[in-house]
There are 2 protein chains.
Amino acid sequence: MSQHRHPGAPGRAGAVPALPDLPEATVARLPEYLRALHNLAETGHETISSEGLANAAGVNSAKLRKDLSHLGSYGTRGVGYDVGLLIDQIEYVLGLTQRRAVALVGVGNLGHALAGYDGFVSRGFRIAALLDADPARVGEEINGMTVQHVDELPRVAAEESIAIGVIATPATAAQAVADQLVAVGVTSILNFAPCVLSVPDGVDVRKVDLAIELQILSFHEHRKASLTALPTTGGSALTALPGGLAVTESQEAIGT
Amino acid sequence: MSQHRHPGAPGRAGAVPALPDLPEATVARLPEYLRALHNLAETGHETISSEGLANAAGVNSAKLRKDLSHLGSYGTRGVGYDVGLLIDQIEYVLGLTQRRAVALVGVGNLGHALAGYDGFVSRGFRIAALLDADPARVGEEINGMTVQHVDELPRVAAEESIAIGVIATPATAAQAVADQLVAVGVTSILNFAPCVLSVPDGVDVRKVDLAIELQILSFHEHRKASLTALPTTGGSALTALPGGLAVTESQEAIGT
DNA sequence: AGGCGCTTGTGAAGACGTGCACAAATCGCG
DNA sequence: CGCGATTTGTGCACGTCTTCACAAGCGCCT
Ligand SMILES: NC(=O)c1ccc[n+]([C@@H]2O[C@H](COP(=O)([O-])OP(=O)(O)OC[C@H]3O[C@@H](n4cnc5c(N)ncnc54)[C@H](O)[C@@H]3O)[C@@H](O)[C@H]2O)c1
Ligand SMILES: NC(=O)c1ccc[n+]([C@@H]2O[C@H](COP(=O)([O-])OP(=O)(O)OC[C@H]3O[C@@H](n4cnc5c(N)ncnc54)[C@H](O)[C@@H]3O)[C@@H](O)[C@H]2O)c1
């Protein structure tokens, strides 16, 4: 189908290489690689093997190589990957060559933390606006930015070019806020409110739900506990196996 | 009505249905179903069809039915699922029948927001301790809890039975904190610091990284933009990018 | 130049996840 | 009591993701 272009692609690196369509799973890992690469660059590494980078990013090296191969051939056999070049490539693919503007809606408990978070700035983004519906909050200054009323969104969107909207309002308000964001042309939303948003096609939504993460962990806790409790279900008696076999697996100290 | 048994399961009559091992993807969705079910229960629904629940949870109904079928047969053909029963089942499987104790380490910017978050309590958890390394923070009271020094962790773990540790420290401290948590017997960790943690087998780690989420969204923004720019082969003439807002084409909204 | 060790890039196979489509089960009603 | 309407539970086919294993490529050393 898609003709693989040869390593000497028509467009020079840095110009406009047509961006391949990557598997979603790969896209989700590229940011991890990018973070690991920045750490490596800071510690003076100029090249890194797939094994080393995979280690730093916490993944399997074969998977890493396959992921990177989707971007093109940017490694050197027998040597590894050029750290700087790879950073540029991944940043290009992720669209981080321009610093995207983020609008944060809902400057409450969580919103305050987000507004003061330096990871926005250090990793390719820029908070372009803080918005809230509560008149008591409007005018408050956080980290050098002033909270504006959410009704100002159309004006803000016209002035700054908002790429991404972040929703940190209560769940009851989230859908309305999402609608407002979509109305002013935002096509990417990060939602912290625990609810599903419905948006038109062409708009991407990602959600972060703390309670869901905890509940997934809870499930695994539950399972680990039940494993030690009921080893088998077969007709055979309960032979005491906790001593011997499970050395490689769980080392749990769940006692008490 | 609540004759619960299902074919082939060794479900002993009584309180301990052996918990099946669920596909990871299913486990990750159960919390979503649970949230949707609670909403439905609050709005007076006693039963719900797979279509209705799938809708409320933002998934495909076939997928939902397959997910639920892994827990056993708790639906009634021609009718749907009993909301209350399903809530109980999912909460049981997720291990939410006991309110698990959470230790929050790192009470800074983000930690404050988390400490004040009522979603912990309303969705099956209990903040058992707030810990920080900064002496200036120790003693501070947040939401009725007092911040303790992180060195108190062993004592706290002995008093309360900590099921889950949440790390909200800077990345530089995260590994050390993880080690301390593991040392006192914690086998589930939720990590907000942007770094990989290495832990022994048997310990589960989940991470939440805001910047990664934004970067994934950025990728899709980038791709949407490039799709409108080059419809076919590379010889694009000047793409007249209208001053108005571009209406993008179908792209899928999905997350996690 | 040639060989050797190291590392990438990838084909193939298998594991896993998804969604369709339909039989089986249940309810309500005449 | 039987029938049609409805909805679950699942077999199956398909797509995506992971992992293995190894040939091809590269640099270095002799
Ligand atoms: N606090 C946390 O640690 C945390 C963690 C995970 C998820 N969440 C979720 O994040 C969301 C925010 O949590 P929070 O603790 O900051 O709540 P909060 O009540 O402290 O803040 C909500 C803010 O949103 C504003 N708001 C309400 N309606 C609005 C609207 N229509 N438009 C614009 N702004 C509006 C409010 O004025 C308030 O300032 C909630 O949905 C919560 O469930 C919070
Ligand atoms: N603020 C955000 O919105 C946000 C969003 C996403 C991720 N994060 C991440 O969450 C983490 C915390 O962010 P923050 O903004 O709250 O930072 P912060 O500096 O405000 O807070 C960090 C806290 O951790 C404490 N700490 C440091 N070392 C410790 C140790 N060894 N043991 C116990 N406590 C220790 C510090 O005393 C401080 O109170 C960072 O890794 C950050 O990258 C923050």
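Chain identifiers are assigned alphabetically (A, B, ...) following the order of the sequence lines, protein sequences preceding nucleic acid strands; residue numbering begins at 1 within each chain.
Around CD of A:Gln98, the count of heavy atoms belonging to other residues, nucleotides or ligands within 6.0 Å exceeds 12. In B:Glu46, the CD atom is not crowded: 12 or fewer heavy atoms of neighbouring residues, nucleotides or ligands sit closer than 6.0 Å.
Between D:dC26 and A:Tyr81, no contact under 4.0 Å exists linking OP1 or OP2 to a side-chain N or O. Side-chain nitrogen and oxygen atoms of B:Ser73 include at least one within less than 4.0 Å of the OP1 or OP2 phosphate oxygen of D:dG9. Regarding contacts with the backbone of D:dT8, every side-chain N or O of B:Thr76 stays at 4.0 angstrom or more from both OP1 and OP2. A close approach under 4.0 Å does occur between a side-chain nitrogen or oxygen of B:Lys63 and OP1 or OP2 of C:dG19.
B:Ala25 comes within 4.0 angstrom of the backbone, heavy atoms only, and of no base.
For A:Arg65, whose side chain is taken as the heavy atoms from C-beta onward, the closest listed nucleotide among D:dC22, C:dA21, C:dG17 is D:dC22. For B:Arg29, counting side-chain heavy atoms from C-beta on, the closest listed nucleotide (D:dT7, C:dT18, D:dT10) is C:dT18.
Side-chain atoms of A:Thr26 and A:Asp67 form a donor-acceptor pair, as typed in the model, at a separation below 3.5 Å. Side-chain contact annotation: A:Glu51 with A:Asn55, donor-acceptor N/O pair under 3.5 Å absent.
Between A:Asn60 atom CG and C:dA15 atom P the separation is 16 Å, expressed in whole Å.
One cannot find a donor-acceptor pair under 3.5 Å joining the base of D:dT7 and the side-chain atoms of B:Arg77.
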